[in-house]
Amino acid sequence: MNINLEIQNNVDLLEFSDEHFIIFTRLFFFIMMKRTKVKELFSSPQLGSDVLVKGWVRTKRGNKNIVFIALNDGSTINNIQVVADTSLFDENLIKDITTGASLAVTGKLVSSQGQGQNIEINASAIELYGKCDAVAYPLQKKGHSMEFLRENAHLRFRTNTFGAVFRIRHSMAFAIHKYFNDKGFFYLHTPIITGSDAEGAGEMFHVTAMDMMKLPYNDDGTVDFSNDFFGKQTNLTVSGQLEGELGALALGEIYTFGPTFRAENSNTPRHLAEFWMIEPEMAFYDITDNMDLAEDFVKYLIRYAFENCREDLEFLNKMIDNGLLERLKFVLENKFVRITYTEAIDILTGSSKEWEYPVKWGNDLQAEHERYLVEVYFRKPVIITDYPREIKAFYMKQNDDGKTVKAMDVLFPGIGEIIGGSQREEIYDKLLSRIRELKLPDKDLWWYLETRKFGTAPHSGFGLGFERFVLFITGMSNIRDVIPFPRTPKNAEF
RNA sequence: UCCUCAGUAGCUCAGUUGGUUAGAGCAACGGACUGUUAAUCCGUGGGUCGCCGGUUCGAGUCCAGCCUGGGGAGCCA
């Protein structure tokens, strides 16, 4: 208030013209005002007050006398409409306000005269931060294909769809930490560079500091890693599970949430070479506790999205996938079906459907089988347990029947396997014999085996592919569109 | 990696049994319009037909190879 009076006095003293006063006032606003985020404008609008907003132009419409600018600052999917009386602004400034340009706008927040929005800003000052050449700028004020936007991944954040997707992605990451923290789990950082190649979860990327043009070789023709950075062959992790188990068998309940790398030549809308995975691991949990946790966890995340990402979800439901909200609600409200692998085989052999891959006890379930169970037979998420030991990993707890293991796969409509987990084999002799049976290098797994030697305990865990979950929660159909910069075979752009 | 479809203007696509100067909508640009909602109306410019060979008098169109992308499958999260 004092400042205002002083300024008024100065103006009187210097006999500023009206024009000077207007310029001065504009400068004053830019210097003194605090920026308001668009999200806040909509959530608690102070009608009649002067506000300062900053953002990027989505569209500009209008005529000689008045222009309407839809401004978005990323805080929400909603744009704030800026109304500018052209007589108040330089003609070149108005001309430079094009789709993609970055602006700071001050003006009065008022209720809108037009249809389509409740509030708008009557601009009194506009500062252009960054022009955007309309000819060169790839994004237009029209729909673009996902393929085109993927090639422009550096700019696609500026679209409604990708804004919504990445806001939701953030919320889900945050909710995951919140869920586990509230339950007393500890976030454990398992290594990204690993010296163990026994994880058996797929092809690995090698990590080396050696000069690839001058590799040292052993007499037998293999590469000599003894002088490499770690003194041995190292890779990027394909899973944090084994290390996670070590943490769980002391801290009780832990989870990992980190990047995971698979050098598989997988070219599908569900695979990435670099993705993020959540792997909880719990001491004293049996397979049933494990299933209960997985179901509760997923439902918590859906509920969190409904409560915190409503507008983005509604946008995606309208523009990307009309069945999204209904499907999320359906998964939230229905108990997941729990059947054993053997029961699943009985259902599949009992159906009259013709299978491309034969259904036979002992064979792994194919995509067509899983889809039938989830999308046709039960029409809800299905958890399948007790798979034949031959088709599952060495660390899974062996059942007394000698044929099956306490594995669990959670199958979702449209996505397929979203969670894979198991109760872990905690009996030293059984684990070791299985490792030897599969001819895995038990020498490299000495640390894993020691947890079974010293105070072993029943425990369980599972892995959730973060991007697969984001796929499910956003209704997007290609996994490359739910991670900012996808890494896939033949693509590491940006 | 396998099967399959596609690649033509900035974007989305059309382009006939191989034929003369390759089209449309949108976008952009110029103009009109006193409150627009992917504004509207009139006009203008814009092309290495993915790349490299081959067949042919003649190839966007046919053939071979390669590259890139979509969908499906496998592997998996």
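Naming convention: chains lettered A, B, ... in sequence-line order (proteins, then strands); numbering from 1 in each chain.
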Any idea which of [options] is nearest the [X] side chain?
| X | options | result |
| --- | --- | --- |
| A:Q81 | B:rG10, B:rG70, B:rU37 | B:rU37 |
| A:Q140 | B:rG30, B:rA73, B:rG10 | B:rG10 |
| A:R61 | B:rG30, B:rA39, B:rG70 | B:rA39 |
| A:Q366 | B:rG74, B:rG70, B:rC33 | B:rG74 |
| A:A134 | B:rG74, B:rG35, B:rC29 | B:rC29 |
| A:N491 | B:rU34, B:rG35, B:rG69 | B:rG69 |
| A:R468 | B:rA39, B:rA77, B:rG30 | B:rA77 |
| A:V135 | B:rG72, B:rA28, B:rC11 | B:rA28 |
| A:R480 | B:rC11, B:rG70, B:rA73 | B:rG70 |
| A:M277 | B:rA73, B:rA77, B:rU36 | B:rA77 |

Can you tell me the pairing partner of [N] across any strand shown, Watson-Crick or G-U wobble, with both distances under 3.5 angstrom?
| N | value |
| --- | --- |
| B:rA28 | B:rU44 |
| B:rA59 | none |
| B:rU16 | none |
| B:rA22 | none |
| B:rC49 | none |

Pick the [atom1] atom in [N] and in [M], then give their distance to the nearest Å.
| N | M | atom1 | answer |
| --- | --- | --- | --- |
| B:rG23 | B:rA9 | C1' | 10 Å |
| B:rA24 | B:rC42 | P | 15 Å |
| B:rC51 | B:rA6 | C1' | 16 Å |
| B:rC13 | B:rA27 | C1' | 14 Å |
| B:rC62 | B:rC2 | P | 24 Å |
| B:rG53 | B:rU44 | P | 39 Å |
| B:rU17 | B:rA73 | C1' | 37 Å |

Can you tell me whether the side chain of [X] and the base of [N] have a donor-acceptor pair closer than 3.5 Å?
| X | N | value |
| --- | --- | --- |
| A:S266 | B:rC76 | no |
| A:Q115 | B:rU36 | no |
| A:E147 | B:rG7 | no |
| A:H271 | B:rC76 | yes |
| A:N63 | B:rU36 | no |

Does [X] make a side-chain N or O approach to OP1 or OP2 of [N] shorter than 4.0 Å?
| X | N | value |
| --- | --- | --- |
| A:T59 | B:rA39 | yes |
| A:N122 | B:rG35 | no |
| A:R150 | B:rG70 | yes |

Going through the distances and angles, do A:I473 and A:I168 end up as a side-chain contact (heavy atoms from CB on, under 4.5 Å)?
-> CA-CA 8 Å; A:I473 205 90; A:I168 293 172; 3.7 Å; yes
Rounded distance (Å) that lies between atom [atom2] of [N] and atom [atom1] of [X]:
| X | N | atom1 | atom2 | result |
| --- | --- | --- | --- | --- |
| A:N160 | B:rU37 | CG | C1' | 13 Å |
| A:L365 | B:rG74 | CG | P | 11 Å |
| A:K490 | B:rG69 | NZ | C1' | 14 Å |
| A:R58 | B:rA27 | CZ | P | 18 Å |
| A:E417 | B:rG74 | CD | P | 12 Å |
| A:M146 | B:rC11 | CE | P | 17 Å |
| A:L71 | B:rU37 | CG | P | 19 Å |
| A:F275 | B:rC75 | CZ | P | 16 Å |

Kindly determine whether A:E264 and A:H271 satisfy side-chain contact (heavy atoms from CB on, under 4.5 Å), including the steps that lead there.
-> CA-CA 9 Å; A:E264 299 285 353; A:H271 287 86; over 6 Å; no
Just wondering, are more than 12 heavy atoms of other shown residues or ligands nearer than 6.0 Å to CG in A:N118?
->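 It does not: A:N118 CG has 12 such atoms or fewer within range.
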Counting only heavy atoms not in A:H206, do more than 12 sit closer than 6.0 Å to its NE2 atom?
-> no
Angle between ring planes, [X] versus [Y], binned at 30° and 60°: parallel, tilted or perpendicular?
| X | Y | value |
| --- | --- | --- |
| A:F485 | A:F157 | perpendicular |
| A:F261 | A:F205 | perpendicular |
| A:Y372 | A:Y377 | tilted |

Taking the nucleotide of RNA chain B with the closest heavy atom to each, which residue, A:Y137 or A:W276, is nearer the 5' end?
-> A:Y137
When you match A:T268 and A:G465 each to their closest nucleotide on RNA chain B, which lands nearer the 5' end?
->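 Final value for this comparison: A:T268.
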Would the A:F257 and A:H177 ring centres measure less than 6.0 Å apart?
-> yes
Does A:F466 stack onto the base of B:rA77, taking stacking as ring centres under 5.5 Å apart and planes under 30° apart?
-> no
